[in-house]
J.: 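Sharing a structure here in structure tokens format.
Note that the structure is a prediction, hence the values are computed from the model and not measured.
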Amino acid sequence: MQARIRTAMIVGMAMTVLAAVGVSATFAPPAHATQVITDIAYAPAQPAGSRGHLLDLHLPSTGITPRPLLIWHTGSAWTSDDGKAGADAIASIFNPLGFAVAGVSVRSSAQAIFPAQVHDIKAAIRWLRANAATYQLDPNRFAIMGDSSGGWLTEMATLSGGVAAMEGTVGTTGVSSAVQVGLAFYSPTDFLQMNAQNLPTGGLDHNSPASPESLLVGCPIQTCPATVAQANPMTYVDANDPPLMFLHGQADFLVPHGQSVLLYNRIKAQCGDATFVSVPAADHMMPQIMDPAQYGLQTVRTTTDCAETVGTGTLNPTWANFATFLRSGLKMGNACEVTYATGTWNGAFNGSATIKNTGTTPIDGWTLTWAWSGNQQITTAWNATVTQVGNQVTARDAGHNSYIGPGSSQSLGFSATATGTNGIPAQFKLNNIVCTRVPA
């Protein structure tokens with residue numbers, strides 16, 4: 001199928017699309033010109049006329065190149081061959097942060113049984129890596145993300161790198177299908193334990209011959225445990241796997257929360273690298289996983305090199321935090337310094353903040369945030385769009401100064417009112433990364 005190209009200004013996605021993948025209207029990245037290339041065939045259609053071997057590419061028209069790539073797949077209980085749907089909303093978040101986004105479809109369970117779906121996602125990754133130069137993608141910085149069965153696909157792609165049986169021969173071959181980091185929402189793992197883990201109030205009959213899991217593997221799951229084991233992401237866990245974050249609601253009616261508990265325990269036992277965010281009261285929906293009402297209540301378990309930390313409310317499920325996790329997994333050189341200076345007079349003052357990129361990766365598009373210690377109030381600003389809510393200040397680049405190369409700096413200025421103390425903010429964050437504060 002011939003690819004179709006269009007150019008759009010991502011100013012704000014329709015509320016229904018944003019809600020479908022949990023994109024909050026309060027997280028409003030700046031408008032960003034994007035080239036969208038739709039219906040790229042990464043392999044011939046199979047069966048003819050199907051959509052399972054198509055992908056869409058959302059490319060920022062400005063910014064650093066080559067670009068890191070985020071691959072997205074929407075879950076459907078493996079019943080749809082249009083998993084690239086919803087990538088528009090993901091791109092509205094990540095394109096302004098400098099990421100290219102690929103929405104990837106794979107075959108449905110009605111079109112092909114497991115391991116076809118894993119073969120397909122790996123074929124798409126190989127195609128994207130083989131064509132990285134054409135689309136100015138960084139072949140060494142591929143991330144993957146998905147929800148539900150898309151989360152399962154994310155975990156399979158992240159954890160089964162180098163497993164020949166999971167590669168297949170679909171499409172482009174001879175290129176690595178590895179990803180460098182994964183982020184999954186409420187994924188199934190061990191199908192055989194799902195019924196036993198259902199909520200006391202009930203859930204799906206996963207053992208049924210007509211269940212999504214049975215249809216995926218082509219047999220009632222309890223009758224073919226060997227095949228089910230091959231479809232279990234835990235089978236492929238080892239200490240060399242890329243970092244993986246996964247999130248699950250404790251009130252999930254469709255995919256039991258215990259599925260992610262099993263995966264986390266396996267990764268911990270293998271001394272792998274995982275972050276597991278367990279959200280109380282959340283069901284099988286990203287808006288509930290990311291509901292601000294749950295902030296501070298979630299249990300966060302992290303295991304790295306056989307060392308574990310467990311905390312409550314230490315990582316809120318926000319797009320900013322997800323972006324930070326992905327950037328860290330992609331080794332994007334998160335480092336910055338901020339020099340802050342003020343000149344005071346009675347009741348008011350002028351201030352400036354100079355941002356220096358001390359990392360190894362250029363920054364294209366920046367947001368600097370800080371909190372006042374007193375009653376300071378911004379009145380005007382230059383070289384940035386500055387807003388204030390309470391004592392929280394957000395300064396976004398002005399467009400002409402959005403790029404900060406390694407070792408380079410950009411500055412912004414402002415006027416503000418103040419009475420009483422006017423101390424230097426305790427902390428500055430650039431794109432949610434804590435910067436070193438340098439005295440003026």
J.: For Leu412 and Trp366, what are the C-alpha separation, side-chain angles and deciding distance, and is it a side-chain contact (heavy atoms from CB on, under 4.5 Å)?
T.: CA-CA 12 Å; Leu412 64 102; Trp366 51 264; 3.8 Å; yes
J.: Trp78 and Phe191: aromatic ring centres closer than 6.0 Å?
T.: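 Between Trp78 and Phe191, the centre distance is under 6.0 Å.
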J.: Please check if the side chain of Thr189 supplies one atom and the backbone of Gln259 the other of a donor-acceptor pair under 3.5 Å.
T.: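 Such a contact is found between Thr189 side chain and Gln259 backbone.
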J.: Roughly how far, to the nearest 0.5 Å, is the OG1 atom of Thr324 from the CE atom of Met245?
T.: 9.0 Å
J.: What I'd like to find out is whether the side chain of Val386 reaches to under 4.5 Å of the side chain of Val393, using heavy atoms alone.
T.: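 Yes. Closest side-chain heavy atoms under 4.5 Å.
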J.: For the atom pair OG1 (Thr302) and NZ (Lys268), what is the distance rounded to the nearest 0.5 Å?
T.: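 Separation between the atoms: 11.5 Å.
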J.: Heavy-atom distance under 4.5 Å between the side chains of Val338 and Cys435, does that happen here?
T.: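 Counting from C-beta outward, Val338 and Cys435 do come under 4.5 Å.
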J.: Distance alone, cut at 3.5 Å: any donor-acceptor contact between the side chains of Ser148 and His284?
T.: yes
J.: Answer yes or no on whether Arg129 is positioned over the face of Phe142, meaning its NZ or CZ is under 6.0 Å from the six-membered ring centre and within 45° of the axis.
T.: yes
J.: Going by side chain to side chain donor-acceptor pair (under 3.5 Å), His206 matches just one of Glu213, Gln193, Gln197. Which one?
T.: Glu213
J.: Return yes if a side-chain donor-acceptor contact under 3.5 Å exists between Asn316 and Asn321, otherwise no.
T.: no
J.: Which distance, rounded to the nearest 0.5 Å, do you find between the OG1 of Thr314 and the CD of Gln298?
T.: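 Going from the OG1 atom of Thr314 to the CD atom of Gln298 covers 7.0 Å.
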J.: Which heavy atom of Leu137 sits nearest a heavy atom of Leu128, and at what distance?
T.: CD1-O, 4.0 Å
J.: How far does CD1 of Ile71 sit from CG of Leu183, to the nearest 0.5 angstrom?
T.: 13.5 Å
J.: Counting C-beta onward and ignoring hydrogens, is there a side-chain heavy-atom pair between Arg67 and Asp138 closer than 4.5 Å?
T.: no
J.: What closest approach, in Å, do Pro243 and Gly329 show between heavy atoms, and which atom pair accounts for it?
T.: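 What the structure gives for the nearest pair is CG-CA, 4.0 Å.
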J.: Report the residue from Phe276, Phe322, Tyr186 that forms a side-chain contact (heavy atoms from CB on, under 4.5 Å) with Leu247.
T.: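 For Leu247, the side-chain contact (heavy atoms from CB on, under 4.5 Å) test succeeds with only one of Phe276, Phe322, Tyr186, which is Phe322.
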J.: Quick check against the 3.5 Å criterion: does Arg301 have a side-chain atom that pairs as donor or acceptor with the backbone of Thr309?
T.: no
J.: Do Thr303 and Glu308 have side-chain N/O donor and acceptor atoms under 3.5 Å apart?
T.: no
J.: For residues Ser214 and Asn207, report the shortest heavy-atom separation together with the two atoms involved.
T.: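 For Ser214 versus Asn207, the nearest heavy atoms are OG-O, 4.2 Å.
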J.: For Met156, is there any backbone N or O sitting under 3.5 Å from a side-chain donor or acceptor partner on Ser160?
T.: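 Present.
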J.: Provide the closest heavy-atom pair for Leu254 versus Pro256 in the form atom of the first, atom of the second, distance.
T.: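 Closest approach of Leu254 to Pro256: O-CD, 3.9 Å.
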J.: What residues form a side-chain contact (heavy atoms from CB on, under 4.5 Å) with Gln230, not counting sequence neighbours?
T.: Phe114, Tyr236
J.: Can a salt bridge be assigned to the pair Glu167 and Arg126 using a cut-off of 4.0 Å between side-chain N and carboxylate O?
T.: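 Yes, this pair counts.
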J.: Any side-chain heavy atom of Leu57 sitting closer than 4.5 Å to one from Leu69?
T.: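 They are in side-chain contact.
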J.: Within a strict 4.5 Å, meaning less than it, do heavy atoms of the Ile144 and Leu70 side chains meet?
T.: no
J.: Once the angle between the rings of His257 and His248 is folded into 0 to 90°, is it parallel (under 30°), tilted (30 to 60°) or perpendicular (over 60°)?
T.: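 Aromatic pair His257/His248 classed perpendicular.
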J.: If we ignore hydrogens and angles and just use 3.5 Å, is the side chain of Thr79 paired with the main-chain N or O of Ser76 as donor and acceptor?
T.: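 Checked: pair present.
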J.: Using atom types as modelled and distance alone, determine if a side-chain donor or acceptor of Asp81 lies under 3.5 Å from a backbone N or O of Val106.
T.: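 A pair under 3.5 Å: no.
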J.: Taking the side chain as C-beta and beyond, is there a heavy-atom pair between Gln117 and Leu153 under 4.5 Å?
T.: yes
J.: Please test Met234 against Leu262 for side-chain contact (heavy atoms from CB on, under 4.5 Å), starting from the C-alpha separation and ending with a verdict.
T.: CA-CA 8 Å; Met234 292 188 290; Leu262 292 172; 3.7 Å; yes
J.: Keeping Thr154 on the side-chain end and Gly146 on the backbone end, is there a donor-acceptor pair under 3.5 Å?
T.: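 Between the backbone of Gly146 and the side chain of Thr154 there is a qualifying donor-acceptor contact (under 3.5 Å).
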J.: Distance only, no hydrogens: is a donor on one side chain within 3.5 Å (strictly under) of an acceptor on the other, for Thr367 and Arg396?
T.: yes
J.: Relative to the ring of Trp127, is the ring of Tyr135 parallel (under 30°), tilted (30 to 60°) or perpendicular (over 60°)?
T.: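 Tilted, since the angle between the ring planes falls between 30° and 60°.
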J.: Taking the side chain as everything from C-beta on, heavy atoms only, tell me whether Asn195 gets closer than 4.5 Å to Asp205.
T.: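 SC-SC contact between Asn195 and Asp205 confirmed.
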J.: Looking at every non-hydrogen atom in both residues, tell me the closest pair between Thr34 and Asn95 and how far apart they are.
T.: CG2-OD1, 3.1 Å
J.: Out of curiosity, Asp39 CG to Leu55 CG, how far, rounded to the nearest 0.5 Å?
T.: 9.0 Å
J.: What pair of heavy atoms forms the shortest contact from Asp283 to Asp252, and how long is it?
T.: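 Shortest heavy-atom separation between Asp283 and Asp252 comes out as OD1-CA, 3.4 Å.
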J.: Rounded to the nearest 0.5 Å, how far apart are CG of Asp241 and CG of Leu159?
T.: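 Reported to 0.5 Å precision, the distance equals 5.0 Å.
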J.: Are the side chain of Ser402 and the backbone of Gly399 linked by a donor-acceptor contact shorter than 3.5 Å?
T.: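 Judged by distance alone, yes, a pair lies under 3.5 Å.
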J.: Evaluate side-chain contact (heavy atoms from CB on, under 4.5 Å) for Ile90 paired with Trp319, printing each intermediate quantity in order.
T.: CA-CA 10 Å; Ile90 299 301; Trp319 289 113; 3.7 Å; yes
J.: Check whether any side-chain heavy atom of Leu330 lies under 4.5 Å from a side-chain heavy atom of Phe99, and answer yes or no.
T.: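 Touching, per the 4.5 Å side-chain cut-off.
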J.: Could you check whether any side-chain N or O of Thr358 sits under 3.5 Å from a backbone N or O of Cys336, counting only pairs where one atom can act as donor and the other as acceptor?
T.: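 Answer holds: yes.
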J.: How far apart are the C-alpha atoms of Met194 and Val255, what are their side-chain angles, what is the distance that settles it, and do they pass the side-chain contact (heavy atoms from CB on, under 4.5 Å) test?
T.: CA-CA 7 Å; Met194 293 179 79; Val255 175; 4.2 Å; yes
J.: Does a side chain donor of either Trp72 or Thr74 reach within less than 3.5 Å of an acceptor in the other side chain?
T.: yes
J.: Is a side-chain N or O of Gln410 found less than 3.5 angstrom from the main chain of Tyr403, in a donor-acceptor match?
T.: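 Yes: the side chain of Gln410 pairs with the backbone of Tyr403.
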J.: Taking atom types as modelled and ignoring hydrogens, do the side chains of Thr354 and Thr339 form a donor-acceptor contact shorter than 3.5 angstrom?
T.: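 No, no side-chain donor-acceptor contact under 3.5 Å.
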J.: Would the distance check show the side chain of His119 and the main-chain N or O of Val170 forming a donor-acceptor pair, the cut-off being under 3.5 Å?
T.: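 Side chain of His119 to backbone of Val170: no pair is present.
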J.: Could you check whether Asp120 pairs with Arg107 (Lys NZ or Arg NE/NH1/NH2 to Asp/Glu carboxylate O, under 4.0 Å)?
T.: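 Judged by the 4.0 Å cut-off on N to carboxylate O distance, Asp120 and Arg107 do form a salt bridge.
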